[in-house]
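Each remark here refers to the structure printed beneath this line.
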Amino acid sequence: MKSTCLVFLFCVLSISGRVYSQNVTFGFKTKQEPIENAIFEIIEVQDGRKVGESIGKIYTQGTVMSTAQIGDGVAQTLKNYFKTSVKSQNETKQAILVNVEQFEIKETKSTNTVAGGELKLKFGFYVKGSFDPIHLMDYEGGMNYRRSINRLDLAERVIQQALDNSLDYFNQWINSQALNNRALAGSVRLIIENKAFESDQDTVFYDFKRPLKWSDFTNRPKSSSSYNAMIFTSLAMEGRPFVEDGSIIMPLIIKVYMLPGQSWVRDKNDYSLNHEQRHFDVVRVVADRLTNNLQNLDVNPENYEALVNDAYFDAYREMNKLQELYDGQTSHGRKRDIQERWNRMLDMALKGDYTALENVLSE
């Protein structure tokens, strides 16, 4: 069976008129004009082609075709080339990963002594950080050429020129994107905006100058509930980041509100109104504590989204816990002495003194 396969292979080669010989290895020099003061450094090269180290077949003499390779392999040779051809700044620079998606050379014979060839390159450029690499851009390029079959150095020059072109292109691209591309941002600035929102019939926003009124409770009392009143309060945070001068700016707006359409009352009296107001105060206090936490976060472009989200969800959980503690300890306002203690505690917290509140949370 084995000798049959060899005979068949010989027949195919004879019909094609080509003879395959030993490998040809190309080497590269440092870019003739290295990139100076680069804002990036290529620290890793991956060969994503999954075809081994061959980059194609080329003619070496007459009908002889050889497998072409580069240096010590595609990934290592390109890494060495990029390392010596890019002179990075000493300051903060972007760590770049290059994924080789295509590196292919093909030749055909034009005459007995001349070969025509085509080189195709496709590189993916990524920012490499603590987490998964972030895709920046893809470069696709190549060159067509003709050469004398005995001039392998001309094919090597073509590959060298194509690599130089890819590096020049990426350098131009990253310099044009550095100040406006979120993936390339070097720092993060959180801006917590304290805005006053106008209330309407659907939403009442917290306002120190405008305490709740019974007219804010517009839903019908729940027949299944034994409580005198019910208020729906909540906390929201909004923000959309943008890039300015190479820094991510994250404006954050925190909203404290109640929904009249989901709040109701049976017996309208001042004591009950104060109890419901204190539910609203709890949310305001949690929002203030959230603001303090956000202002003290140590954020960078890799972690800011996770840290901001964690801070918000921690605040939301704290809000729910405090509401449960408040109603549980006061028995929904029935225990007047405990209600008075919560009144004092929330008044202190609204002024920025959270000592008593934190004692309750830690119990």
Side-chain angles (χ1 to χ4, degrees), residues 9 12-35 42 44-86 96-126 135-174:
L9 178 60
V12 171
L13 294 178
S14 297
I15 292 170
S16 67
R18 297 173 183 171
V19 177
Y20 291 89
S21 183
Q22 61 188 18
N23 295 349
V24 173
T25 301
F26 292 120
F28 307 117
K29 301 176 182 177
T30 297
K31 193 172 181 295
Q32 189 171 3
E33 295 181 3
I35 295 173
I42 297 175
E44 184 177 348
V45 177
Q46 295 179 349
D47 187 357
R49 300 172 307 139
K50 303 186 188 311
V51 294
E53 297 299 343
S54 169
I55 62 170
K57 303 286 186 180
I58 63 168
Y59 283 96
T60 50
Q61 59 181 11
T63 59
V64 177
M65 294 199 81
S66 299
T67 298
Q69 296 181 338
I70 59 173
D72 298 322
V74 171
Q76 187 59 49
T77 302
L78 289 182
K79 183 179 179 180
N80 294 339
Y81 163 77
F82 289 134
K83 183 177 181 179
T84 58
S85 298
V86 178
I96 302 298
L97 177 150
V98 177
N99 182 50
V100 181
E101 298 176 25
Q102 185 177 23
F103 197 130
E104 184 180 18
I105 191 168
K106 292 181 179 179
E107 286 193 344
T108 57
K109 276 181 66 175
S110 299
T111 68
N112 288 333
T113 58
V114 176
E118 181 181 22
L119 173 69
K120 291 183 178 180
L121 300 179
K122 184 176 180 181
F123 297 156
F125 290 85
Y126 298 77
H135 180 255
L136 292 176
M137 56 88 69
D138 290 320
Y139 171 82
E140 291 187 63
M143 300 181 73
N144 294 313
Y145 63 90
R146 286 169 61 84
R147 69 175 182 87
S148 171
I149 287 178
N150 62 0
R151 292 291 306 276
L152 287 174
D153 61 304
L154 295 180
E156 189 171 72
R157 288 185 199 176
V158 166
I159 299 174
Q160 175 85 49
Q161 185 61 55
L163 288 176
D164 291 351
N165 291 346
S166 72
L167 196 51
D168 284 336
Y169 185 90
F170 179 68
N171 182 54
Q172 293 170 7
W173 183 90
I174 198 170

Test item: [X] and [Y] side chains (from C-beta on) under 4.5 Å apart, heavy atoms:
{"X": "Arg146", "Y": "Val114", "value": "yes"}
{"X": "Tyr126", "Y": "Leu136", "value": "no"}
{"X": "Leu78", "Y": "Val98", "value": "no"}

Pair [X], [Y]: side-chain N/O donor-acceptor within cut-off below 3.5 Å:
{"X": "Lys57", "Y": "Ser66", "value": "no"}
{"X": "Tyr169", "Y": "Glu140", "value": "no"}
{"X": "Asn165", "Y": "Gln161", "value": "yes"}

Exercise. Sort out for me which residue in Lys29, Gln160, Gln76 forms a side chain to side chain contact (heavy atoms under 4.5 Å, CB included) with Tyr81.
Key: Gln160
Quiz item: Out of Arg49, Glu104, Gln69, which one pairs with Ile55 under the side chain to side chain contact (heavy atoms under 4.5 Å, CB included) rule?
Solution: Arg49
Kindly compute the distance separating [atom1] ([X]) from [atom2] ([Y]), expressed to the nearest 0.5 Å.
{"X": "Asp168", "Y": "Ile35", "atom1": "CG", "atom2": "CD1", "value": "5.5 Å"}
{"X": "Glu118", "Y": "Thr108", "atom1": "CD", "atom2": "OG1", "value": "9.5 Å"}
{"X": "Met65", "Y": "Lys109", "atom1": "CE", "atom2": "NZ", "value": "10.0 Å"}
{"X": "Asp47", "Y": "Lys79", "atom1": "CG", "atom2": "NZ", "value": "14.0 Å"}
{"X": "Glu107", "Y": "Ile149", "atom1": "CD", "atom2": "CD1", "value": "8.0 Å"}
{"X": "Asn23", "Y": "Thr67", "atom1": "CG", "atom2": "OG1", "value": "5.0 Å"}

Is the backbone of [Y] close enough, under 3.5 Å, to the side chain of [X] for a donor and an acceptor to pair up by distance?
{"X": "Ser85", "Y": "Thr30", "value": "no"}
{"X": "Glu53", "Y": "Val74", "value": "yes"}
{"X": "Arg147", "Y": "Asp153", "value": "no"}

If you count the non-hydrogen atoms of other residues, nucleotides and ligands that lie under 6.0 Å from [atom1] in [X], is the total more than 12?
{"X": "Asn144", "atom1": "CG", "result": "yes"}
{"X": "Lys31", "atom1": "NZ", "result": "yes"}
{"X": "Asp72", "atom1": "CG", "result": "no"}

Quiz item: Given the rule in the side chain to side chain contact (heavy atoms under 4.5 Å, CB included) test, do Phe28 and Thr84 qualify, once you have shown the distances and angles that lead to the verdict?
Solution: CA-CA 11 Å; Phe28 307 117; Thr84 58; over 6 Å; no
Exercise. Evaluate the criterion side chain to side chain contact (heavy atoms under 4.5 Å, CB included) for residue pair Phe103 and Leu163; output intermediate values, then yes/no.
Key: CA-CA 10 Å; Phe103 197 130; Leu163 288 176; 4.1 Å; yes
Self-check item: Ser148: partners by side-chain contact (heavy atoms from CB on, under 4.5 Å), with sequence neighbours left out
Solution: Asn150, Arg151
Considering non-hydrogen atoms only, spot the tightest contact between [X] and [Y] and give its length.
{"X": "Thr77", "Y": "Gly71", "result": "OG1-CA, 3.3 Å"}
{"X": "Ala162", "Y": "Leu119", "result": "CB-CD2, 3.5 Å"}
{"X": "Phe123", "Y": "Gln102", "result": "CE2-O, 4.2 Å"}

Quiz prompt | side chain to side chain contact (heavy atoms under 4.5 Å, CB included) evaluation trace for Leu167 with Ile42 | solution = CA-CA 10 Å; Leu167 196 51; Ile42 297 175; 4.1 Å; yes
Practice problem: Check ring-ring contact (aromatic ring centres under 6.0 Å, His included) between Phe125 and all other residues, then give those that pass, not counting sequence neighbours. | Solution: Phe170
